[in-house]
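For the single chain, residues carry numbers from 1 onward in sequence order.
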Amino acid sequence: MDILRTPDERFANLPDWPYAPHYIEVPAGEGDACLRVHYVDEGPRDAPVVLMLHGEPSWSYLYRKVIREVTAAGLRAVAPDLIGFGRSDKPTRRTDYTYQRHVDWMSAFLVGIDLRDATLLCQDWGGLIGLRLVAEHPDRFARVVTANTFLPTGDQPMPDAFFAWQQFSQSVPELPVGNIVRMGCARGIPDEIAAAYDAPFPDESYKEGARQFPTLVPSRPDDPASAPNRRAWEILKTWDKPFLTAFGDSDPITRGADRVLQSLIPGTKGQAHVTLKQAGHFLQEDVGEELGRVVVGLIRCG
């Protein structure tokens, strides 16, 4: 497996990003090779921890507003970069990236830094991976907050907006990462913030993971990830720990998924689910502080 590693200087002087990098190696899934995962780790190490998983095509920078709220409340914030994103290693072949490998990489990360009694906060692919982690490591999680995400099996039709995004991602000559984030925000972002999302990708050769993600969403019942996701659902349908939905009101891709989660997962009963106003797909940009307060409130409720 050939690997690219974004130069450190690409991450110098990013706006609103004072956090020191942390790294851990996880098995690559190919022989004895390892991949380096970058993560933010802020707040007291003995405090309740929030694991924040980003999606496509962002990185842990997306959670900076949430990190501030969580740590200001005396909690610990851990936000890794998925393999292929941010400061984490980037395999160079698209075939290096599979749904199962992403789950395995993040599972190794979870166990490697030994997170326990964690609150999962997940959005976009952070949920497709994170909800699998909850199902496979239920004893490591105390509660879940889902934000604009779902766990698809391909048994139900995907929205047209997803297929439009998938087609765009595979056909555009240059994947405009910063502008993708901008277009997914209801309130817009300034140029310097969009540039921070471009920072991990000096050129197109660094974007193989970002290019591959849209093709890995199980949109057919016979997708390779469909059966593992169905097995995960069997666990989630018995999950009675707190499970909260906090969706944006302006995301055409995941609209309505919060109601499905609430209807299927026992832990959603009695929770103060929220719909965040003027919040697009990347609601962490639009209403990050508010999302952070939702997470803090759930933890304080027990």
> Where the side chain of Arg255 meets the backbone of Ser250, is there a donor-acceptor pair that is under 3.5 Å apart?
no
> Find the distance between CG (Asp16) and CZ (Arg68) and round it off to the nearest 0.5 Å.
4.5 Å
> Which heavy atom in Thr6 sits nearest to a heavy atom in Ala199, and how many Å separate them?
CG2-O, 3.8 Å
> State whether a side-chain donor-acceptor pair under 3.5 Å links Asp251 with Thr254.
yes
> List the steps, then state whether side chain to side chain donor-acceptor pair (under 3.5 Å) holds for His281 with Asp124.
CA-CA 8 Å; His281 185 65; Asp124 189 82; 2.6 Å; yes
> Is a donor on one side and an acceptor on the other found under 3.5 Å between the side chain of Tyr63 and the backbone of Leu53?
yes
> Do Met158 and Phe168 share a hydrophobic cluster (ILVMFWY, side-chain heavy atoms under 4.5 Å, transitive)?
yes
> Could you check whether Asp240 pairs with Lys269 (Lys NZ or Arg NE/NH1/NH2 to Asp/Glu carboxylate O, under 4.0 Å)?
no
> Can you tell me if Glu208 and Thr92 form a side-chain donor-acceptor pair at under 3.5 Å?
no
> Quick one about His273 and Asp258 (side-chain donor to acceptor, distance below 3.5 Å, no hydrogens or angles considered), yes or no?
no
> Take Asp104 and Arg101 through the salt bridge (charged side-chain N to carboxylate O under 4.0 Å, His left out) test and state the conclusion after the steps.
CA-CA 5 Å; Asp104 292 343; Arg101 277 187 171 176; over 6 Å; no
> Are more than 12 heavy atoms from other residues, nucleotides or ligands located less than 6.0 Å from atom CG of Asn13?
no
> What's the shortest heavy-atom distance between Arg93 and Asp2, and which atoms?
NH1-N, 4.3 Å
> Over all heavy atoms of both residues, which pair between Thr149 and Phe247 is shortest? Give the atoms and the distance, please.
O-CZ, 3.3 Å
> Between Tyr61 and Gln284, is there a side-chain donor-acceptor contact under 3.5 Å, judged purely by atom types and distance?
no
> Taking distance alone, no hydrogens or angles, what donor-acceptor pairs closer than 3.5 Å link side-chain atoms of residues 74-81 to residues at least two apart or in another chain?
residue	atom	partner	partner atom	Å
Arg76	NE	Asp41	OD1	2.9
Arg76	NH2	Asp41	OD2	2.8
Asp81	OD1	Ser60	N	2.8
Asp81	OD1	Ser60	OG	2.7
Asp81	OD2	His38	ND1	2.7
Asp81	OD2	Arg87	N	2.8

> For the pair Asp249 (side chain) and Ala279 (backbone), establish whether a donor and an acceptor sit closer than 3.5 Å, ignoring hydrogens and angles.
yes
> Is the number of heavy atoms from other residues, nucleotides or ligands within 6.0 Å of CZ (Arg220) greater than 12?
yes
> May I ask you to decide if Ile67's main-chain N or O and Thr71's side chain share a donor-acceptor pair within less than 3.5 Å?
yes
> With Phe11, which of Tyr19, Trp17, Trp59, Tyr197 fulfils ring pair (Phe, Tyr, Trp, His ring centres under 6.0 Å)?
Trp59
> How are the rings of Trp105 and Tyr97 set to each other: parallel, tilted or perpendicular (split at 30° and 60°)?
perpendicular
> Between Thr245 and Gln262, does a side chain to side chain donor-acceptor pair (under 3.5 Å) hold up when you go through it step by step?
CA-CA 8 Å; Thr245 61; Gln262 292 166 27; 2.8 Å; yes
> Would you say Arg230 and Thr153 are linked by a side-chain donor-acceptor pair, where the criterion is simply a distance under 3.5 Å?
no
> First locate atom CG of Asp223, then atom OH of Tyr99, and finally report the distance between them rounded to the nearest 0.5 Å.
9.5 Å
> For Glu290, check side-chain contact (heavy atoms from CB on, under 4.5 Å) against everything at least two apart and list the hits.
Leu276, Val287, Arg293
> Quick one: does any side-chain atom of Asp198 pair with a main-chain N or O of Gly178 as donor and acceptor, under 3.5 Å?
yes
> So, does Ser171 use its side chain to make a donor-acceptor pair with the main chain of Gln167 at under 3.5 Å?
yes
> Give the ring-plane orientation class for Phe150 versus Trp233, where under 30° counts as parallel, over 60° as perpendicular and anything between as tilted.
tilted
> Taking all non-hydrogen atoms of both residues into account, name the closest pair between Val103 and Leu133 and its distance.
O-CD2, 3.8 Å
> Show your reasoning for whether salt bridge (charged side-chain N to carboxylate O under 4.0 Å, His left out) applies to Glu136 and Arg132.
CA-CA 6 Å; Glu136 294 176 18; Arg132 286 278 298 272; 3.3 Å; yes
> Over all heavy atoms of both residues, which pair between Ile83 and Pro91 is shortest? Give the atoms and the distance, please.
CG2-CD, 3.6 Å
> Check whether Ile235 and Leu110 end up in the same hydrophobic cluster, where Ile, Leu, Val, Met, Phe, Trp and Tyr are linked by side-chain heavy atoms less than 4.5 Å apart.
no
> Is there a donor-acceptor pair closer than 3.5 Å between any side-chain N or O of Arg143 and the backbone N or O of Pro242?
no
> Should Arg116 and Asp114 be marked as a salt bridge (charged side-chain N to carboxylate O under 4.0 Å, His left out) after you check the CA-CA gap, both sets of side-chain angles, and the distance that decides it?
CA-CA 6 Å; Arg116 298 180 184 273; Asp114 196 25; 3.0 Å; yes
> Has the side chain of Gln271 got a donor or acceptor atom that lies under 3.5 Å from a matching backbone atom of Leu244?
no
> Considering the options Val274, Leu298, Leu120, Ile299, which one meets the side-chain contact (heavy atoms from CB on, under 4.5 Å) requirement together with Val145?
Leu298
> Do the side chain of Lys65 and the main chain of Asp286 share a donor and acceptor less than 3.5 angstrom apart?
no
> Using a cut-off of 6.0 Å, state whether more than 12 heavy atoms not belonging to Asp222 lie near its atom CG.
yes
> Can you name the closest pair of heavy atoms from Glu204 and Lys207 and give their distance?
OE2-NZ, 2.6 Å
